[in-house]
**Student:** 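One structure, pasted below without further comment.
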Amino acid sequence: MARVPRIWGLHAAPSRSLAIALGLILFLLVIAVYLVAVQHLHAENPSYKILPTPAQMAAAIERMAFTPDRRSGDYLLWADTLASLGRIAAGVSLAAVIGLLLGLNMGVFPGLRAILGPGLNFFAMIPPLAVLPILFIIAGIDEAAKIALICIGIFPIIARDILLAVDQIPRQQMTKALTLGASQFAVAYRILLPQIMPRLIDSVRLALGAAWLFLIAAEAIAATEGLGYRIFLVRRYLAMDVIIPYVLWITLLGFTAEWLLTRLNRWLYPWYAQAGR
Amino acid sequence: MVRASGAVSPQRPGDDYRLHLADVHKGYDERPVLECIDLAVRAGEICTLVGPSGSGKSTLLRLILGEEQPTRGRVSVDGQEVGFPSPERGIVFQRYSLYPHLRVLENLLLGRVLAEPWWRRHRVMREHHDEAMDYLERVRMADHAGKFPHQLSGGMQQRVAIAQSMILRPRILLMDEPFGALDPDTREDLQLFLLELWESWHMTLFFVTHDLEEALFMGTRILVLSQYWTDDRGDHHEIRRGARLVADHALTPVANAAQVKGDPRFRELMESIRRLGFDPGHLQRVDAFNLAHPDAFATGNQATADQPLADASRTQVVDSGGRS
């Protein structure tokens with residue numbers, strides 16, 4: 001009888017607890033390296049700013065998150081978070097709706113696909129950041145431009161992914177629905193739409209990374225609050241003690257959003273993971 | 001081509017038949033797939049269609065279903081010309097007949113739910129619950145009403161798919177290799193099961209299969225579609241011919257599938273069909289087709305216009321009459 005290896009090789013079968021422990025190694029390693037480096041550098045030069053000590057970062061977090069700002073009276077971290085999350089939620093929702101409607105209808109109605117397909121493929125190739133100035137000129141430097149940038153940046157990705165998903169649904173399903181009395185619109189919106197929903201959530205989940213990119217970029221250029229705005233603001237003072245916690249916080253937000261969407265999908269559409277295998 | 005409703009229309013020859021195809025041709029670009037398909041099927045029959053691979057069995061089924069339109073000719077159900085897929089023609093495919101996001105009960109009642117606006121779907125489900133459970137009882141799936149299709153075996157999925165189509169009582173149920181993806185035991189089980197349903201529901205079935213034994217066992221009538229035939233145009237390779245119905249027989253009922261293999265009459269018929277329909281080396285002449293079924297007919301066409309069906313060839317291999 002062959003012994004199943006625990007970690008190494010093709011046949012390895014790490015247990016659940018071992019897998020968690022293995023996953024932690026990288027995090028601990030990075031933290032350890034950082035701490036050693038900080039210790040070393042600060043021993044040589046106590047006013048070294050590029051790698052702040054944990055204590056400095058804790059003080060910065062205390063200042064940003066739990067002390068009202070002297071000028072505005074806001075708790076800056078929370079105000080920034082709220083502003084950024086609002087923008088990203090608006091932009092992504094808008095992109096999801098547009099992408100879903102485009103992809104679904106293009107997938108079901110060949111004429112619509114012929115009309116919109118080449119345009120969409122062309123549009124998808126425009127680098128969204130390159131049109132940011134145009135957006136600022138047209139929509140002003142308010143919220144509209146940032147939301148528009150996120151939306152323009154990711155709706156083509158979602159639309160094309162949804163179109164792909166509709167194409168993968170067997171033709172027989174549409175025919176069968178017609179023989180069960182479905183109208184053309186019922187085929188699209190009552191048969192295919194419910195099947196596409198989990199794919200939409202997946203698609204949005206994968207597009208979130210790009211959405212954050214566009215958000216931070218837009219905030220860096222023109223904003224008065226927001227996580228990206230803050231990072232680029234304090235950069236002028238080399239305030240790494242603020243930047244690093246902010247970056248970690250953004251990462252945590254993205255990670256949580258992704259985890260929630262995965263959960264939501266499994267909860268709402270239990271058939272999705274199994275069906276079609 | 002669609003007949004105006006309410007208009008008095010002259011009686012056509014196919015009006016007495018459940019399914020009627022007159023002079024149906026189908027081709028893609030220059031390549032003919034089906035030629036001169038003439039077919040009349042009475043209500044209550046199980047019409048099986050066999051043929052070698054590439055003979056266009058599925059194309060013929062898609063023409064009847066309305067997924068594709070004939071390049072020439074007319075397909076009608078109960079005298080009404082048919083177009084795109086619609087509820088009077090039910091369909092059970094080999095796979096993908098059930099919707100993966102709907103539970104068995106929801107799949108079954110989809111036809112009922114689709115008849116109402118979507119916001120009334122829950123009420124429709126409640127109102128038809130008893131009816132649905134009755135159908136599930138009949139297809140022996142009552143214990144699985146709450147499951148998703150991926151939780152069912154292939155045979156169970158097909159049983160639900162049959163009930164899903166039958167709940168709307170289509171005039172004719174089309175089946176495209178419905179048991180083709182099943183293992184032999186399940187397959188035999190479902191063949192018998194379908195025959196039981198056919199008897200109790202008085203269905204009209206059009207059953208496409210590549211399995212000759214299955215076709216002989218299941219059918220009250222067997223049609224053989226084949227591209228291996230010849231006519232006065234000769235046998236050159238440049239002459240492209242679409243498949244035609246080269247044999248058409250009434251079948252007597254048999255008690256079980258094994259009998260199909262054992263019965264000498266069936267063996268003889270099977271061998272004749274193998275030779276005439278499935279052997280590329282044996283090109284039968286167009287005027288020698290064995291269209292023995294009493295409903296067989298031929299519309300005028302170039303190949304056979306001046307040559308009526310040879311009476312001598314209309315020998316009945318198996319005596320006519322249904323499975324009554």
Side-chain angles (χ1 to χ4, degrees), chain A residues 100-101 103-105 107-112 161-162 164-204 261-262 264-277, chain B residues 58 61-62 64-68 82-104 106-119 121 146-152 157 161 163-174 176-178:
Chain A
L100 176 67
L101 290 177
L104 178 62
N105 287 296
V108 177
F109 304 108
L112 213 56
D161 194 45
I162 294 296
L164 215 63
V166 175
D167 283 346
Q168 280 167 358
I169 292 179
R171 179 87 206 162
Q172 287 98 315
Q173 279 202 16
M174 301 193 205
T175 304
K176 176 100 191 193
L178 292 171
T179 70
L180 293 176
S183 68
Q184 298 184 29
F185 281 94
V187 169
Y189 289 92
R190 296 181 68 177
I191 301 291
L192 299 184
L193 177 65
Q195 288 187 64
I196 291 302
M197 283 311 290
R199 177 69 175 257
L200 176 69
I201 292 180
D202 255 0
S203 181
V204 163
L261 286 176
T262 309
L264 184 74
N265 230 356
R266 229 180 283 169
W267 177 64
L268 284 177
Y269 309 106
W271 50 270
Y272 179 59
Q274 272 85 36
R277 299 228 166 127
Chain B
S58 293
L61 184 106
R62 282 204 294 277
I64 299 172
L65 180 58
E67 268 191 323
E68 291 185 49
V82 292
F84 297 115
S86 57
E88 81 269 359
R89 290 155 291 163
I91 176 76
V92 174
F93 292 108
Q94 184 175 2
R95 292 178 63 198
Y96 309 122
S97 284
L98 297 183
Y99 296 91
H101 65 299
L102 299 177
R103 295 169 194 278
V104 166
E106 295 165 319
N107 260 297
L108 188 71
L109 282 176
L110 190 60
R112 295 265 180 258
V113 168
L114 284 170
E116 302 273 344
W118 70 270
W119 59 85
R121 63 195 185 281
K147 288 187 180 169
F148 284 107
H150 69 82
Q151 295 167 306
L152 307 177
Q157 289 185 15
Q164 180 191 38
S165 288
M166 283 312 292
I167 205 163
L168 289 185
R169 305 318 298 263
R171 311 264 184 92
I172 184 167
L173 181 62
L174 310 172
D176 190 4
E177 305 249 4

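Keep in mind that this is a model prediction, so the values were computed, not measured. A note on names: the letters A, B, ... follow the listed sequences, proteins ahead of strands, and every chain is numbered from 1.
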**Student:** At a heavy-atom distance under 4.5 Å, which candidate from A:Pro198, A:Ala177, A:Ser183 has the highest pair count against chain B?
**Tutor:** A:Ala177
**Student:** Which heavy atom of A:Leu180 sits nearest a heavy atom of B:Leu110, and at what distance?
**Tutor:**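 Closest approach of A:Leu180 to B:Leu110, heavy atoms only: CD1-CD2, 3.9 Å.
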**Student:** Around atom CZ of B:Arg95, are there more than 12 heavy atoms from other residues, nucleotides or ligands closer than 6.0 Å?
**Tutor:** no
**Student:** Could you note down all residue pairs passing side chain to side chain donor-acceptor pair (under 3.5 Å) where residues 83-93 of chain B supplies at least one of them, sequence neighbours left out?
**Tutor:** B:Ser86-B:Glu88, B:Ser86-B:Arg89
**Student:** What heavy-atom pair brings A:Pro270 and B:Phe148 nearest, and what distance separates the two atoms?
**Tutor:** CG-CE1, 4.0 Å
**Student:** Could you measure the distance from the CD atom of B:Glu67 to the CD atom of A:Gln172? Nearest 0.5 Å is fine.
**Tutor:**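 If we round to the nearest 0.5 Å, B:Glu67:CD and A:Gln172:CD are 7.0 Å apart.
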**Student:** Examine whether an atom of B:Tyr96 lies under 4.5 Å from a heavy atom of chain A, and if so say whether it belongs to the side chain, the backbone or both; otherwise answer neither.
**Tutor:**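 For B:Tyr96, the contact with chain A is made by backbone and side chain together.
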**Student:** Quick one: CD1 on B:Ile91 to OG1 on A:Thr175, what's the gap to the nearest 0.5 Å?
**Tutor:**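 Between atom CD1 of B:Ile91 and atom OG1 of A:Thr175 there are 8.0 Å.
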**Student:** Could you tell me whether a side-chain N or O of A:Tyr269 sits under 3.5 Å from a main-chain N or O of B:His101, the two making a donor and an acceptor?
**Tutor:** no
**Student:** When only heavy atoms count and the cut-off is under 4.5 Å, which of residues 188-197 of chain A reach chain B?
**Tutor:**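 Hits under 4.5 Å: A:Arg190, A:Ile191, A:Pro194, A:Gln195.
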**Student:** Are B:Pro85 and A:Lys176 side-chain neighbours, meaning at least one heavy-atom pair lies under 4.5 Å?
**Tutor:** no
**Student:** Mark yes when over 12 heavy atoms from residues, nucleotides or ligands other than A:Gln184 sit less than 6.0 Å from its CD; otherwise mark no.
**Tutor:**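 For A:Gln184, atom CD is not crowded (no more than 12 foreign heavy atoms under 6.0 Å).
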**Student:** What part of A:Ala186 gets within 4.5 angstrom of chain B, counting heavy atoms only: side chain, backbone, both, or neither?
**Tutor:**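 Just the side chain, heavy atoms under 4.5 Å.
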**Student:** Heavy-atom pairs under 4.5 Å with chain A are the metric here; pick the option from B:Leu168, B:Leu174, B:Ile167 that has the most.
**Tutor:**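 Most heavy-atom pairs under 4.5 Å with chain A: B:Leu168.
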